[in-house]
Asker: 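Below is the structure I would like to discuss, written out as structure tokens.
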Amino acid sequence: MGTTRRFVFALCALAWCSLSVAARPAIRDAINEPGEDWQATFGPELQRGNAKAEFALRDAKGHELEVAELRDLQLHRKAGTWWEIAEARFVGSSVRCDGLASLGLDAGSYELELDLGVYGKIQHAFDLKPGEQLKGELKTEVWRRIICLKFVDAKGNALQWLPHVPTYDVVRPANNFSKREVPPRILRDPPSNSSGRGGAGGFAYRRARGGGSKIRTPRYDTDDGRWHVRVFAGASGKLFCPLSDELLGKAELLFEEDFTQAHWDEHPVELAPTEAYAEGTENRKSLNAKDPGSRSLITRAVNPPAPNLDYAEESTIAEGCWRAVIKLDASVEVNANSRALDGDSSVTGSSVSRLQRDGNTFWFDLPDRCRAEFVWQSPVVLFSLGSSHTFVRSGRVTIVEHKFDLMPIEIAWPCETAKALTVCVNAWCDRAQNTFPVRRWAKDKPLTLYLERAFLRQPTARSLSLALQHGTANRILSTVLYGAVTLDEGTLKSVLDGKATVEATWSGLIWRSVNAKGEPLPWVEASLIPSGDVESAIHARRAWMGVRKARLAENAAYTPDFDAEQDDVNTVLKDSSAIDWVDRKGAWYNTHARALAAGAGYNAFSDALKEGERYTLFLWSNSRDELRPDKRIDFVATEGVTDLGVIVLPSYR
């Protein structure tokens with residue numbers, strides 16, 4: 001039976017290969033026949049859209065939301081039946097949808113999901129036209145409200161103090177965003193390709209403990225019997241106040257509701273103060289004399305500005321601690337660590353969470369028997385002979401000033417499409433890679449690296465390796481192109497004199513995929529094949545389609561299985577070069593040279609192409625069948641980066 005079936009497959013495949021050009025399916029023009037060399041175009045479709053949307057967030061009464069309550073958000077753009085993630089962020093009590101690096105969004109249909117903590121969730125759909133600057137307002141059903149409890153005795157006399165403070169707790173909805181699926185991958189991994197497994201690491205530290213005397217007889221002054229509390233009306237909450245049977249004839253006070261009713265503007269609470277309460281009125285020290293009854297809530301701003309911090313103010317330093325301060329003359333990112341003088345790092349461990357900043361001044365407090373270490377990094381690239389400073393206490397406030405002798409090096413953009421993509425840079429020298437966060441470049445600014453003058457004088461500074469990377473606000477998604485900068489004696493002298501703009505050597509292939517309307521197509525996949533291997537690839541593809549056609553004829557319910565079909569394909573193929581191609585590449589296309597979407601329709605190969613050689617590119621967008629790509633492009637590789645510009649493909653359905 002197996003021999004008979006293989007014979008049938010062989011006959012079907014040979015029959016398929018013997019079909020005349022006129023009898024082949026409609027896809028023959030895109031796949032089976034070479035076309036003219038591709039002529040790149042760089043029209044407006046190459047650029048990111050410059051549309052933006054901003055929505056003011058207001059509660060049910062039209063007031064700003066408390067910024068501290070804003071949790072998370074997601075923005076998606078509709079692409080066929082799927083949704084592509086887009087960039088948005090909270091800005092105060094607003095949400096701004098303005099794309100990567102704030103350069104704008106492409107036109108299309110969007111859905112915004114907001115997790116606003118106690119205010120609840122909002123899901124908002126909107127459309128953007130090219131270049132539109134949309135403004136709007138989104139309101140919640142919950143609102144921030146200042147309620148008042150009026151504590152009185154049986155005669156209506158106001159109680160002037162309480163033994164405890166009323167507290168409010170509210171239920172915050174779970175953070176559950178809608179699940180949005182992306183299309184499954186089409187192209188397979190190379191043969192014997194295994195992905196490594198990463199591990200998780202971390203650190204632990206012992207929290208410093210402060211001491212203090214326990215106040216046993218607290219007194220909290222009311223505002224002539226009133227106590228003001230901030231609540232979120234419309235949300236299920238609890239208002240609790242411990243009292244005292246001995247002082248007020250009642251152990252506690254508890255309200256569970258949504259606090260929407262009018263009587264909460266001043267809700268009376270009648271208690272029965274005892275003689276012990278009257279005696280304590282004069283004998284107990286007030287803990288809130290400057291703000292009795294929390295009446296400041298009535299006039300306090302919803303989002304008060306952060307207090308001005310003074311690192312030199314010793315009164316803000318806890319007893320038994322000292323403050324390490326470092327002043328820098330450049331805008332850099334700083335981390336800090338502390339270590340016991342005996343070298344036992346477990347005493348305080350990482351202190352990053354307690355690091356404070358005012359401009360380019362950083363500081364944090366640590367116990368007396370610890371030393372401090374500040375580690376800094378550039379928002380672009382900062383190569384330095386030393387990138388940290390360690391020092392020990394020389395007073396309650398120990399200050400160190402560090403100056404950078406930085407030299408800027410401007411580098412030309414490698415091509416128009418990379419400039420439109422808007423990437424960030426990672427750089428390394430002599431295999432010492434800078435893995436610190438990097439600044440995103442805007443398309444209207446040069447690529448600028450900052451290096452220290454002392455570093456540039458070192459022999460290792462003569463060659464810098466670069467990587468242009470695409471990502472989101474939170475993570476790098478892919479490396480787009482690789483490049484290198486070589487500093488000869490003349491260029492190095494110009495750089496040290498502050499006059500040089502240098503050329504980098506870049507390599508790779510890049511383009512942007514759009515539909516007929518010029519809208520970007522995410523998730524496009526592509527396979528690159530040297531033109532000399534195309535005949536073998538096409539031969540293998542025809543055999544595969546013949547095998548599949550035979551199986552479908554034998555079993556109409558057959559589900560295509562690429563791996564299971566490969567043995568039959570190798571049996572059918574008579575061309576040794578085609579058999580070798582399938583064995584090495586793992587499919588009829590090249591699984592070793594695949595380009596996956598870098599986002600917003602941009603695609604790239606970071607591997608170098610041989611200048612002057614012909615290549616064929618197969619592309620998949622709407623097609624989800626690896627045997628039937630949507631388009632074939634033939635081109636000749638240029639020096640450095642081959643920029644194919646805009647490629648129009650079928651839209652997703």
Side-chain angles (χ1 to χ4, degrees), residues 1-33 80-81 181-194 523-529 533-594 596 616-632 649-650 652-653:
M1 179 62 182
T3 304
T4 303
R5 195 169 75 176
R6 289 183 183 276
F7 180 71
V8 171
F9 288 152
L11 288 178
C12 292
L14 291 174
W16 176 271
C17 295
S18 65
L19 287 174
S20 66
V21 171
R24 291 176 189 166
I27 58 173
R28 68 184 187 281
D29 293 334
I31 307 304
N32 295 314
E33 296 179 348
T81 57
E181 295 184 358
V182 297
R185 286 272 300 275
I186 307 165
L187 307 186
R188 59 193 55 244
D189 292 330
S192 303
N193 182 53
S194 60
W523 315 299
V524 168
E525 298 182 40
S527 178
L528 182 68
I529 299 176
D533 295 320
V534 170
E535 185 176 345
S536 296
I538 295 298
H539 190 182
R541 175 180 171 276
R542 290 175 184 168
W544 232 299
M545 295 181 76
V547 167
R548 184 163 298 178
K549 184 177 180 181
R551 289 200 172 187
L552 287 170
E554 187 180 64
N555 178 10
Y558 170 71
T559 301
D561 185 335
F562 206 89
D563 293 326
E565 293 166 352
Q566 183 166 338
D567 290 340
D568 292 318
V569 169
N570 285 337
T571 301
V572 169
L573 285 172
K574 302 302 181 183
D575 185 339
S576 60
S577 62
I579 296 173
D580 179 63
W581 172 266
V582 172
D583 288 341
R584 287 187 295 111
K585 304 304 180 183
W588 72 268
Y589 50 86
N590 186 0
T591 61
H592 296 278
R594 299 165 300 160
L596 305 180
T616 296
L617 189 67
F618 294 102
L619 301 108
W620 288 258
S621 59
N622 181 60
S623 171
R624 314 313 294 172
D625 182 352
E626 59 188 330
L627 289 176
R628 296 179 181 272
D630 289 290
K631 196 177 188 72
R632 167 180 172 168
L649 294 169
Y652 299 110
R653 289 198 291 267

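Below, all heavy atoms of this structure are taken into account, side chains as well, without hydrogens, waters or symmetry copies.
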Asker: Side chains of V524 and K631: does their closest heavy-atom pair fall under 4.5 Å?
Answerer: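 Counting from C-beta outward, V524 and K631 never come under 4.5 Å.
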
Asker: Quick one: pull up CZ in R628 and CZ in R541 and give me the separation to the nearest 0.5 Å.
Answerer: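 It comes to 6.5 Å.
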
Asker: Rounded at 0.5 Å granularity, tell me how far CG in L619 sits from CD1 in I186.
Answerer: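 So the CG of L619 and the CD1 of I186 are separated by 10.5 Å.
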
Asker: Start with the C-alpha distance between D580 and V582, add both sets of side-chain angles, then the distance that settles side-chain contact (heavy atoms from CB on, under 4.5 Å), and finish with yes or no.
Answerer: CA-CA 6 Å; D580 179 63; V582 172; over 6 Å; no

Asker: Please report the shortest heavy-atom distance between R624 and P183, naming the atom on each side.
Answerer: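 Answer, listing the atom of R624 first, then P183: NH2-CB, 3.3 Å.
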
Asker: Which pair of non-hydrogen atoms, one from A526 and one from L617, has the smallest distance, and what is that distance?
Answerer: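 Closest pair (atom of A526, atom of L617, distance): CB-CD1, 3.9 Å.
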
Asker: To the nearest 0.5 Å, how far apart are NE2 in H539 and CH2 in W588?
Answerer: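 Between H539 NE2 and W588 CH2, I get 14.0 Å after rounding to 0.5 Å.
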
Asker: Work out which heavy atom in W544 is nearest to a heavy atom in F562; give both atom names and the distance.
Answerer: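 In terms of heavy atoms, the two residues are closest at CZ2-CE2, 3.1 Å.
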
Asker: Can you check side-chain contact (heavy atoms from CB on, under 4.5 Å) on R551 and E565, steps first, answer last?
Answerer: CA-CA 9 Å; R551 289 200 172 187; E565 293 166 352; 4.0 Å; yes

Asker: From D583 CG over to N570 CG, what is the distance, rounded to the nearest 0.5 angstrom?
Answerer: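 One finds 5.0 Å between CG of D583 and CG of N570.
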
Asker: Is a donor on one side and an acceptor on the other found under 3.5 Å between the side chain of H592 and the backbone of R584?
Answerer: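 Yes, H592 side chain to R584 backbone: donor-acceptor pair under 3.5 Å.
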
Asker: So, does T571 use its side chain to make a donor-acceptor pair with the main chain of D567 at under 3.5 Å?
Answerer: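 Yes, T571 side chain to D567 backbone: donor-acceptor pair under 3.5 Å.
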
Asker: I'd like to know if the side chain of W620 and the backbone of D625 have a donor-acceptor N/O pair within less than 3.5 Å.
Answerer: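 Such a contact is found between W620 side chain and D625 backbone.
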
Asker: Rounded at 0.5 Å granularity, tell me how far OG in S621 sits from CD in E525.
Answerer: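 Reported value, rounded in 0.5 Å steps: 10.5 Å.
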
Asker: Is there a donor-acceptor pair closer than 3.5 Å between any side-chain N or O of N590 and the backbone N or O of S527?
Answerer: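 A pair under 3.5 Å: no.
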
Asker: Quick one: closest heavy-atom pair of I529 and A537, and the distance?
Answerer: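 I529 and A537 have their closest heavy atoms at CD1-CB, 3.9 Å.
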
Asker: Provide the closest heavy-atom pair for Y589 versus L187 in the form atom of the first, atom of the second, distance.
Answerer: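 Heavy-atom minimum between the residues: OH-CA, 3.5 Å.
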
Asker: Show your working on salt bridge (Lys or Arg N to Asp or Glu O under 4.0 Å) between R594 and D189 and close with a plain yes or no.
Answerer: CA-CA 9 Å; R594 299 165 300 160; D189 292 330; 3.2 Å; yes

Asker: Has R188 got a side-chain atom pairing as donor or acceptor with R185's backbone, closer than 3.5 angstrom?
Answerer: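 Answer holds: no.
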
Asker: Could you walk me through whether V547 and V572 pass the side-chain contact (heavy atoms from CB on, under 4.5 Å) check?
Answerer: CA-CA 8 Å; V547 167; V572 169; 4.2 Å; yes

Asker: Using only atom types and a distance under 3.5 Å, with no angle test, would you say the side chain of D630 pairs donor to acceptor with the backbone of S623?
Answerer: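 Judged by distance alone, yes, a pair lies under 3.5 Å.
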
Asker: Are L627 and R548 side-chain neighbours, meaning at least one heavy-atom pair lies under 4.5 Å?
Answerer: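 The answer is yes, as the side chains (C-beta and beyond) meet within the 4.5 Å cut-off.
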
Asker: Distance-only, no hydrogens or angles: does the S536 side chain make a donor-acceptor pair with backbone N or O of W581 under 3.5 Å?
Answerer: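 Checked: no pair found.
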
Asker: So how far is it from T559 OG1 to D561 CG, rounded to the nearest 0.5 Å?
Answerer: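 Result: 9.0 Å between the selected atoms.
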
Asker: Looking at A543 and L573, what are the two nearest heavy atoms and their distance?
Answerer: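 Shortest heavy-atom separation between A543 and L573 comes out as CB-CD2, 3.7 Å.
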
